[in-house]
Asks: 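Submitted below is the structure of interest, expressed as structure tokens.
To find a chain, count down the sequence lines: A is the first, B the second, and so on, and within it residues start at 1.
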Amino acid sequence: MSKELTTRAADYSQWYNDLVIKGELADYSAVRGCMVIKPYGYALWENMRDQLDRMFKETGHVNAYFPLFVPKSLFEAEEKNAEGFAKECAIVTHYRLKNDPDNKGKLIVDPEAKLEEELIIRPTSEAIIWNTYKGWIQSYRDLPILINQWANVVRWEMRTRLFLRTAEFLWQEGHTAHATKDEAVEETKKMLEVYAEFVENYMAVPVIKGVKTANERFAGAEETYCIEALMQDGKALQAGTSHFLGQNFAKAFDVQFLNKENKKEYVWATSWGVSTRLIGALIMAHSDDQGLIMPPKIAPLQVVIVPIYKGEESKNVIDDKVADIIKELKALGISVKYDNSDNARPGWKFAEYELKGVPVRIALGLRDIENNVVELARRDTKEKKSVAIEGLGSYVKVLLEDIQQNIFNRALAFRNENIREANTWDEFVTLLDTKAGFVSAHWDGTSEAEEKIKEQTKATIRCIPLNNKQEAGKCILTGNPSTQRVLFARAY
RNA sequence: CGGGAUGUAGCGCAGCCCGGUAGCGCACACGUCUGGGGGGCGUGGGGUCGCAAGUUCGAAUCUUGUCAUCCCGACCA
């Protein structure tokens with residue numbers, strides 16, 4: 001099977017879809033807007049999940065699991081949150097089917113089995129969790145609660161895209177409860193740091209940490225912190241969010257505690273999440289026209305070995321040699337696959353593993369064995385060289401670290417080249433239309449101006465970067481005074 | 001929800017305008033030569049043409065309806 005990929009230049013969206021489908025990360029399913037995550041894609045998600053999970057636990061969190069369904073009365077308790085998600089909720093109204101009397105072999109919803117109260121399939125779990133926390137919290141001694149859950153959620157999106165926006169997606173959502181505002185704010189920021197560290201150090205995708213404007217804030221939050229990444233087509237992608245929820249949910253669900261002075265206070269809350277969308281970010285940040293490029297630290301497979309043989313006899317010789325190499329690599333904690341299957345030829349395998357983004361490929365035949373070398377190819381630069389079998393393990397280990405660093409540096413350089421300042425409206429519009437990327441510009445801080453800019457340019461304020469430099473300026477739209485620049489971009 | 005497109009073999013497509021025995025490439029199976037960048041040759045298997053009505057002697061093809069998916073837009077992690 002030849003797997004022709006659309007190039008980025010020809011059709012960026014199609015290129016992305018081709019990588020996901022032909023790279024065997026995911027497949028379309030029989031359900032509109034829902035995808036099947038295939039084993040290779042799921043292995044990637046598992047690696048991401050496992051690392052994040054370690055980081056959450058290192059920062060004091062524990063995992064738990066809450067129901068998929070949220071009774072409507074709970075869902076609507078926090079008004080802003082409910083309003084924000086209402087338009088995209090799937091709702092369970094019945095609990096039973098029955099045989100269709102008019103159509104043999106078919107089923108219909110049993111009208112007798114209507115639920116007293118509709119159940120909302122969670123688009124996010126604040127409601128069900130805060131309803132639960134109410135029963136868990138009486139005293140300041142019960143705080144903080146630092147819980148994370150790995151779950152699926154459903155958001156009935158109008159238009160979906162593999163990994164970037166599916167109707168059902170996998171994610172983690174942290175939900176913490178604190179006795180003081182300061183502690184909750186600190187938690188919000190801490191988790192933003194965890195996300196930034198994960199995305200940069202493991203996924204090799206550079207991010208900008210910032211705060212969302214009121215318009216872009218999570219429904220029900222007081223403050224939304226985010227990490228924003230830049231894709232190769234110049235569009236921004238929100239890679240993770242961490243919300244300071246204030247006392248909104250505590251008030252909505254009446255969660256109070258007695259403080260040390262024996263006075264009742266509402267609990268302070270945070271929530272934070274990243275999803276399978278990160279896989280979309282990973283693909284669009286690194287990959288090229290030959291296929292995916294996996295960062296070694298989370299690659300489902302770090303090294304693939306392809307034998308070059310002629311006939312059974314030479315295959316056996318190579319198999320023996322490779323067994324030693326695999327042993328050495330595995331001892332160093334490197335994941336490795338030996339593909340000596342006879343149903344594809346070497347050239348086909350080379351292309352296939354490039355498509356899948358395996359960071360390092362080792363090829364060897366009798367010729368190499370005689371010389372005690374292998375041919376080693378790195379996916380990020382496609383550079384090939386002959387490397388001694390002696391000490392191959394440590395060579396590969398260093399190489400994997402180098403690839404990890406190299407793809408991060410490459411993405412960082414691209415990101416930095418694509419942050420440009422605009423000082424006038426014309427400059428702003430021209431930059432958006434000709435260069436894409438982030439545009440750093442002054443904004444007067446009003447929602448009205450933000451809305452108008454969005455209407456006219458489709459660009460949104462991605463964030464107000466943390467530690468932003470304060471400088472006097474004029475809003476590019478209104479000319480009103482401004483104290484700092486914010487980052488605009490067209491976004492996914 | 002607005003606009004555009006597509007449903008024919010596992011995948012990608014042609015055939016439809018102008019109705020008359022369902023075709024190509026890849027994949028798959030077997031054999032063989034091969035093997036250092038998506039192999040060659042030979043043989044073979046596989047499809048109620050998305051679904052439902054209608055027109056007709058006859059429908060993949062014409063008509064109507066319907067369902068689904070994809071792409072672009074608005075919305076959104």
Asks: Base, sugar-phosphate, or nothing for A/L237, non-hydrogen atoms under 4.0 angstrom?
Replies: nothing

Asks: Can you measure A/K87 atom NZ to B/C76 atom P for me and round it to whole angstrom units?
Replies: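 Going from A/K87 (NZ) to B/C76 (P), I get 6 Å.
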
Asks: With sequence neighbours left out, write down each residue that passes side chain to side chain contact (heavy atoms under 4.5 Å, CB included) with A/L68, or none if nothing qualifies.
Replies: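 Applying side chain to side chain contact (heavy atoms under 4.5 Å, CB included) to A/L68 gives A/I121, A/R122, A/N152.
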
Asks: Give, ordered by number, those residues of residues 284-314 of chain A having at least one heavy-atom distance below 4.0 Å to an atom of RNA chain B; if nothing qualifies, reply none.
Replies: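 Hits under 4.0 Å, by residue number: A/I308, A/Y309, A/K310, A/G311.
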
Asks: Does a donor on one side chain and an acceptor on the other come within less than 3.5 Å for A/N372 and A/E390?
Replies: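 Side-chain D/A pair, A/N372 to A/E390: absent.
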
Asks: For B/A9 and B/G4, measure between their C1' atoms and round to the nearest Å.
Replies: 28 Å

Asks: Quick one: label A/E157 by what it contacts on the DNA or RNA (base, sugar-phosphate, nothing), any heavy atom closer than 4.0 Å.
Replies: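 A/E157: base contact, heavy atoms under 4.0 Å.
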
Asks: What's the gap between B/C28 and B/C75 when it is taken at their C1' atoms, as a whole Å value?
Replies: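 Pairwise C1' distance, B/C28 against B/C75, rounds to 44 Å.
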
Asks: Roughly how many Å is it from NZ in A/K22 to P in B/A27, rounded to a whole number?
Replies: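 The answer, rounded to whole Å, is 14 Å.
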
Asks: Please report the distance separating the P of B/G19 from the corresponding atom of B/U56, rounded so that it comes out in whole Å.
Replies: 16 Å

Asks: Measure the CG-CZ distance between A/N47 and A/R49 for me, rounded to the nearest 0.5 Å.
Replies: 9.0 Å

Asks: For nucleotides 68-71 of chain B, which of its nitrogen or oxygen atoms have a protein nitrogen or oxygen under 3.5 Å away, and what is each distance?
Replies:
from: B/U69; atom 1: OP1; to: A/R32; atom 2: N; distance (Å): 2.7
from: B/C71; atom 1: OP1; to: A/N17; atom 2: ND2; distance (Å): 3.0

Asks: Taking only residues two or more places apart in sequence or in another chain, which ones pass salt bridge (charged side-chain N to carboxylate O under 4.0 Å, His left out) with A/D110?
Replies: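 Scan of A/D110 (salt bridge (charged side-chain N to carboxylate O under 4.0 Å, His left out), adjacent residues dropped) gives A/R96.
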
Asks: Name all residues meeting the ring pair (Phe, Tyr, Trp, His ring centres under 6.0 Å) criterion together with A/W443; count only those two or more places apart in sequence or in a different chain, and write none if there are none.
Replies: none

Asks: The criterion is side chain to side chain contact (heavy atoms under 4.5 Å, CB included); which residues satisfy it with A/D402, sequence neighbours excluded?
Replies: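 Listed in chain order: A/R378.
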
Asks: Identify, with sequence neighbours excluded, every residue that meets side chain to side chain contact (heavy atoms under 4.5 Å, CB included) alongside A/A64.
Replies: A/F66, A/I147

Asks: Distance only, no hydrogens: is a donor on one side chain within 3.5 Å (strictly under) of an acceptor on the other, for A/N215 and A/T213?
Replies: no

Asks: Which residues within residues 371-388 of chain A lie with some heavy atom under 4.0 Å of an atom in RNA chain B?
Replies: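 Listed by number, they are A/E375, A/K384.
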
Asks: Report the residue (A/E168 or A/R367) whose heavy-atom-nearest nucleotide on RNA chain B is the more 5′ of the two.
Replies: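 Between the two, 5'-proximity favours A/R367.
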
Asks: Mind checking the C1' distance from B/G36 to B/C41? Whole angstroms is fine.
Replies: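 Comparing C1' positions in B/G36 and B/C41 gives a spacing of 23 Å.
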
Asks: With nearest nucleotide decided by heavy atoms, which residue, A/A351 or A/Y492, maps closer to the 5′ end of RNA chain B?
Replies: A/A351

Asks: Centroid separation under 6.0 Å, is that true for the rings of A/F75 and A/F69?
Replies: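 A/F69 vs A/F75: aromatic centres not under 6.0 Å.
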
Asks: Mind checking salt bridge (charged side-chain N to carboxylate O under 4.0 Å, His left out) for A/E354 and listing every partner two or more places apart, or none if nothing turns up?
Replies: A/R361

Asks: With P as the reference atom in both, quote the distance from B/G10 to B/U48 in angstrom, rounded to an integer.
Replies: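 Rounded to whole Å, the distance is 9 Å.
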
Asks: Could you check whether A/T241 gets within reach of a base, just the sugar-phosphate, or nothing at all, counting any heavy atom under 4.0 Å?
Replies: nothing

Asks: How would you list, by chain and number, every residue that makes a side chain to side chain contact (heavy atoms under 4.5 Å, CB included) with A/R415, sequence neighbours excluded?
Replies: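 In terms of side chain to side chain contact (heavy atoms under 4.5 Å, CB included), with neighbours along the sequence ignored, A/R415 is linked to A/P206, A/I208, A/L230, A/L412, A/I419, A/F438.
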
Asks: Round to the nearest Å and state the distance from A/F350 atom CZ to B/G35 atom C1'.
Replies: 10 Å

Asks: Can you list, by residue number, the residues of residues 197-230 of chain A that have a non-hydrogen atom closer than 4.0 angstrom to RNA chain B?
Replies: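 Heavy-atom cutoff 4.0 Å gives no residues at all.
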
Asks: Could you check whether A/D342 gets within reach of a base, just the sugar-phosphate, or nothing at all, counting any heavy atom under 4.0 Å?
Replies: base

Asks: Is there a side-chain contact between A/E223 and A/V185 (heavy atoms, below 4.5 Å)?
Replies: no

Asks: Ignoring hydrogens and geometry beyond distance, is a side-chain donor-acceptor pair present between A/T188 and A/S242 at under 3.5 Å?
Replies: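 No, no side-chain donor-acceptor pair sits under 3.5 Å.
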
Asks: Show the distances under 3.5 angstrom between N or O atoms of the protein and N or O atoms of nucleotides 39-41 of chain B.
Replies:
from: B/G39; atom 1: N9; to: A/R345; atom 2: NE; distance (Å): 3.4
from: B/G39; atom 1: N7; to: A/R345; atom 2: NE; distance (Å): 3.1
from: B/G39; atom 1: N7; to: A/R345; atom 2: NH1; distance (Å): 2.6
from: B/G39; atom 1: O6; to: A/R345; atom 2: NH1; distance (Å): 3.4

Asks: Categorize A/K458 for me: base, sugar-phosphate, or nothing, with a 4.0 angstrom heavy-atom threshold over every strand shown.
Replies: sugar-phosphate

